[in-house]
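Numbers here simply count residues along the sequence, with the first being 1. Remember, it's 1-based here, ligands and their atoms both numbered in the order they're listed.
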Amino acid sequence: MTIKVAINGYGNLGRAVERAVNAADDMEAVAVFTRRDPQSLKTAGTPVFPLSQMADFKGKVDVCICCGGSATDLRTQGPAAVAYFNTVDSFDTHADIPAYFADMDAAAKKAGHTALISTGWDPGLFSIARTLTEAVLPDGYTHTFWGRGVSQGHSDAIRRIEGVEGAVQYTVPNPEAMRAVESGEHPQLTTADKHTRLCYVVAASGADKERITREIKEMPKYFADYETTVNFISAEELARDHAGMPHGGEVIRVGHTREGIKHLARFQLQLDSNPDFTGSMVAASARALVRLHEHGHRGAASVLDIPPAWYSPSSPQQLRAQLL
Ligand code: NDP
């Protein structure tokens with residue numbers, strides 16, 4: 001069976017999802033939905049439709065992958081799409097995941113659909129690494145470090161501020177905090193202790209830079225708790241020095257199975273392109289979602305509710321022979 005995929009929103013992630021779907025033998029991209037003029041988008045071949053035509057595709061799409069930003073798009077985009085389709089998204093505002101799950105669960109159950117939320121690498125693969133290592137080493141502690149890399153969610157949040165024409169945000173890990181975690185001494189570290197946030201912003205001509213800086217630094221959940229540096233640069237500098245979107249990070253679990261017997265489990269990612277990798281994970285999640293739906297699940301689910309084999313195009317027999 002070929003999985004028919006619709007892509008809702010065509011930014012960095014939407015483009016990466018299209019590439020990943022086109023590269024998969026068992027998937028086909030049948031539509032891109034956009035809020036912009038469809039004529040203005042150049043896809044890799046997938047036909048583009050205005051968002052208002054989404055309802056016409058009910059029954060013709062196995063999964064709709066919602067690629068809007070977490071800051072302002074997905075809280076409304078997700079429930080609207082799941083009324084017509086099974087959905088996958090990469091909602092990554094960690095603090096709001098329980099509320100988003102509840103919204104998606106209610107909307108999906110009402111429509112008889114299935115919604116796999118918050119896939120990607122964090123949340124996503126890192127969530128799986130945290131859960132597994134905590135289960136295996138219950139007497140211990142976990143720390144997650146991100147970066148150095150561009151956070152699309154944080155860059156997206158800055159770009160929504162009035163007077164901002166472009167922005168990139170680097171999350172930078174604190175090496176001293178990482179050494180403290182590895183030592184096994186159970187350091188008490190907040191996310192803000194472990195990272196700093198470095199922002200490069202292009203302001204519109206005449207925009208109030210002090211207000212923009214204040215709005216960034218005071219933005220709850222995204223920047224307010226961190227040591228945040230804001231640098232204003234030109235559009236040329238942004239294009240020349242900050243065009244790539246590398247990212248990565250690691251989940252570290254340190255635990256003991258007996259007095260004096262210490263273990264360190266580490267799951268690390270080094271990504272040349274955050275959207276490419278996230279798009280690949282989201283496409284694999286679309287395959288898993290279809291199986292979750294076939295198994296009768298209705299409502300929302302997270303990556304933690306999915307058997308790992310369901311992400312793979314290989315059969316259980318192949319997986320047992322090659323990867324077990
Ligand atoms: P973008 O800002 O590139 O795109 C977000 C939306 O904005 C698009 O869906 C698109 O909607 C619209 N858009 C894109 N480009 C333009 C443009 N030039 N002009 C006007 N509108 C535009 O965000 P990303 O694709 O980089 O990231 C999407 C989200 O992915 C992030 O907010 C984050 O939440 C999530 N993410 C999750 C990760 C994880 O590990 N879980 C990792 C990385 C990202 P439309 O076509 O309808 O206009």
**Message:** Considering both backbone and side-chain atoms of Asn12, is one of its nitrogen or oxygen atoms within less than 3.5 Å of a nitrogen or oxygen in ligand 1?
**Reply:** yes
**Item:** Lys262 with Asp139: basic N within carboxylate O range, under 4.0 Å
**Value:** no
**Message:** Less than 4.0 Å is my threshold; does some heavy atom of Pro123 fall inside it relative to ligand 1?
**Reply:** yes
**Item:** Close N or O approach (Leu13, ligand 1; < 3.5 Å)
**Value:** yes
**Pairing of Lys110 and Asp105 as salt bridge, 4.0 angstrom limit** = no
**Asked** Among Pro38, Gly68, Gly11, which residue places a heavy atom closest to atom 28 (C) of ligand 1?
**Response** Gly68
**Request:** Would you check the N or O atoms of Thr278, main chain and side chain alike, for any that come under 3.5 Å of an N or O of ligand 1?
**Result:** no
**Request:** For side-chain hydrogen bond (donor to acceptor under 3.5 Å, both in side chains), just list the numbers for Thr213 and Glu210, CA-CA rounded to whole Å, side-chain angles, deciding distance to a tenth of an Å, and then say yes or no.
**Result:** CA-CA 5 Å; Thr213 303; Glu210 271 182 34; over 6 Å; no
**Message:** Quick test: of every protein heavy atom, which one is nearest to atom 13 (N) of ligand 1, and how far off is it to 0.1 Å?
**Reply:** Arg36 NH2, 3.4 Å
**Asked** Do Lys58's NZ or CZ and the ring of Tyr84 fall within the cation-pi criteria of under 6.0 Å and 45°?
**Response** no
**Request:** Say whether Cys67 and ligand 1 are in contact under the criterion: heavy-atom distance to a ligand atom below 4.0 Å.
**Result:** yes
**Request:** For Arg159, counting its heavy atoms only, list the atoms of ligand 1 lying under 4.0 Å from any of them.
**Result:** 2 (O)
**Request:** Before accepting this row, confirm whether a basic side-chain N of the pair Glu165/Arg159 lies closer than 4.0 Å to the acidic partner's carboxylate O.
**Result:** no
**Prompt:** Side chain of Glu227, backbone of Thr196: donor and acceptor closer than 3.5 Å?
**Reply:** no
**Prompt:** Does ligand 1 have an atom under 4.0 Å from some heavy atom of Leu51?
**Reply:** no
**Asked** Which residue from Arg35, His247, Met281, His154 reaches closest to atom 11 (O) of ligand 1 through any of its heavy atoms?
**Response** Arg35
**Plane angle bin for His154 and Phe223 - parallel if under 30°, tilted between 30 and 60°, otherwise perpendicular** = perpendicular
